[in-house]
Amino acid sequence: MEYVLLYVDDVMVISENPEAVLRNEIGKHWQLKEDSIGKPSLYLGGKCREVELDNGVKCWAFSSSQYVQSAVDNVKAWLAKKNRNLPNKAEAPFKSGYRPEIDVSRELGPEEASYYQSLIGILRWIVELGRVDICLEVSMMSSHLALPREGHLECLFHLFSYLGKYHNAEMIYDPTEPHINDDIFKKQDWTFSTMSEQDRTEVMPPDMPEPRGKPFVIRCFVDADHAGDAVTRKSRTGFIVYLNNAPVFWYSKRQGSVESSTYQAEFTAMKEATEYIRALRYRLRMMGIRVEGPAYIFGDNQSVLANTTNPGSVLKKKCAAVAYHLVREGVARGEWITAYINTHDNIADLLTKPMTAGEKRNGFIKKILQHIFRKSK
């Protein structure tokens, strides 16, 4: 099975003989730079390299350090023109206690507002390149693109100072299968529920190719911050998805409506995570990748988990009906299965509420990014 990844003028080929595909297939139609043909070292602004894990498994690693340093240098140059520097102490993306939604400082003028918007664009790309540790903060600051204030711009300078100090981050795409504790993921008999057999059967793409290769384990950690927005009191969803031990997707976004309870906010977050997982399973199957077994979803709200895994559960809150039925349907179909994880171990917490620098925040980040807190010699 072969794949060709194309992004504007960047081409990456995954094949047993990728060079032949580039030269004989793609090279027939487009002129390729000779020195660019080879194992990838730079892709979409990030550095790629092959690494060997402690268990002897070889895999790929991806680092945004070079792009981040270049972005930080550009911000420093812009500030230098105004006889300013980046803040000195930035151990976390936000200053302790800062809430951008209640910032009432001076509105930025057209030039500064345009610069603020351009910085948000740069930060969003840095998040795409793997900097999960700033995903939440960039999402929060993106909510003020239409009316940025002086305090918001200062916050971005603080964020770039943090990135400048902790630029050396690398994401490892570890193909090793994680250990799943089957004791906490208890499968139930859904034949006696109100769902029909058709409702309990996963829908397969009718035109999907024959799957090849080894199956893998999908894991998802999901969380919600109830009424976290101090102005609108909307909650925030955060989740991160792994294929085996490789993080492949991270998400932090304010929910679209106000939820009156933690239960509803957590169920909405679970719904959004499962919608992504359903789409991911479809996408992988259409690429010819073997998808077997359910995705394993970890959450820290026991009421939500009890209602998703118990076939005899009865909905008591109509306002959560859509999320309730969608998540339960997926569990009954075997698309995913849910289990409890202590909030102190739930890495999705990093994507729902700003944390100060410390053992908890740093511990979550170290589980996703390598080398980030390594001291320079």
Side-chain angles (χ1 to χ4, degrees), residues 1-5 12-18 48 50-62 130 132 171-191 197-222 239-251 270 272-299 305 308-309 326-341 347-348 367-368:
M1 189 171 292
E2 297 174 328
Y3 300 99
V4 176
L5 310 180
M12 181 180 290
V13 177
I14 302 171
S15 170
E16 287 189 0
N17 193 348
C48 313
E50 286 184 287
V51 296
E52 184 173 335
L53 306 179
D54 293 338
N55 57 8
V57 174
K58 293 183 179 180
C59 63
W60 285 92
F62 190 80
V132 186
M171 184 171 283
I172 307 295
Y173 296 101
D174 181 0
T176 309
E177 281 196 17
H179 171 71
I180 299 295
N181 184 358
D182 293 327
D183 292 336
I184 65 173
F185 287 97
K186 296 179 180 179
K187 295 183 179 180
Q188 304 288 343
D189 184 2
W190 289 81
T191 56
E197 183 177 355
Q198 182 178 358
D199 291 336
R200 301 194 309 271
T201 305
E202 184 176 7
V203 179
M204 299 291 185
D207 53 347
M208 69 177 187
E210 181 183 350
R212 299 186 181 184
K214 297 179 180 179
F216 49 83
V217 176
I218 301 177
R219 290 180 300 152
C220 176
F221 296 84
V222 61
F239 63 87
I240 182 169
V241 178
Y242 286 78
L243 296 185
N244 283 348
N245 277 316
V248 296
F249 186 76
W250 38 95
Y251 178 95
M270 184 70 75
E272 293 175 347
T274 53
E275 285 176 332
Y276 173 79
I277 289 174
R278 178 170 287 173
L280 176 64
R281 291 167 70 90
Y282 171 85
R283 195 176 303 124
L284 292 171
R285 285 185 171 124
M286 292 304 292
M287 292 175 66
I289 299 173
R290 191 180 303 277
V291 179
E292 296 180 354
Y296 297 91
I297 302 178
F298 297 85
L305 298 169
T308 60
T309 56
L326 186 145
V327 177
R328 282 169 55 85
E329 179 185 74
V331 174
R333 289 177 172 183
E335 292 178 277
W336 48 76
I337 188 169
T338 61
Y340 174 77
I341 187 172
I347 55 178
K367 291 180 179 180
I368 307 170

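Each residue takes its place number in the sequence, starting with 1. These numbers come from a predicted model, not from an experiment.
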At what distance, to the nearest 0.5 angstrom, does CZ of Arg290 lie from CD of Glu210?
8.0 Å
Taking all atoms of both residues into account, what is the closest heavy-atom pair of Asn244 and Pro175, and its distance?
ND2-O, 2.7 Å
Taking every non-hydrogen atom, the tightest pair across Asp199 and Glu329
O-CG, 3.9 Å
So which heavy atom on Trp190 is nearest to which on Thr309, and how close?
CZ2-O, 3.8 Å
Would Phe298 and Phe185 count as a ring pair (Phe, Tyr, Trp, His ring centres under 6.0 Å) if you check the C-alpha gap in whole Å, the side-chain angles of each, and the deciding distance to 0.1 Å?
CA-CA 10 Å; Phe298 297 85; Phe185 287 97; 5.2 Å; yes
Between the CH2 atom in Trp336 and the OG1 atom in Thr338, the distance rounded to the nearest 0.5 Å is 10.5 Å
Just how far is it from atom CD1 of Ile337 to atom CG of Asp182, taken to the nearest 0.5 Å?
8.5 Å
CD-OG1 distance between Gln198 and Thr201, expressed to the nearest 0.5 angstrom
7.5 Å
Under a 4.0 Å N-O cut-off, is there an ion pair linking Arg278 with Glu335?
yes
Where is the tightest heavy-atom contact between Cys59 and Tyr173, given as atom of each residue plus distance?
CB-O, 3.3 Å
Can you list the residues that meet the salt bridge (charged side-chain N to carboxylate O under 4.0 Å, His left out) rule with Glu177, with sequence neighbours excluded?
none
Look only at the side chain of Asn245 and the backbone of Asp174, and say whether a donor-acceptor pair between them is shorter than 3.5 Å.
no
Between Met171 and Val132, is any pair of side-chain heavy atoms under 4.5 Å apart?
yes
Inter-residue atom distance Met286.CE - Met208.CE, 0.5 Å rounding
9.0 Å
Enter the distance from Ile297:CD1 to Phe239:CZ here, rounded to the nearest 0.5 Å.
9.5 Å
Should Arg285 and Met204 be marked as a side chain to side chain contact (heavy atoms under 4.5 Å, CB included) after you check the CA-CA gap, both sets of side-chain angles, and the distance that decides it?
CA-CA 9 Å; Arg285 285 185 171 124; Met204 299 291 185; 3.5 Å; yes
Begin from the C-alpha positions of Tyr276 and Phe249 and carry the test ring pair (Phe, Tyr, Trp, His ring centres under 6.0 Å) through to its verdict.
CA-CA 9 Å; Tyr276 173 79; Phe249 186 76; 4.0 Å; yes
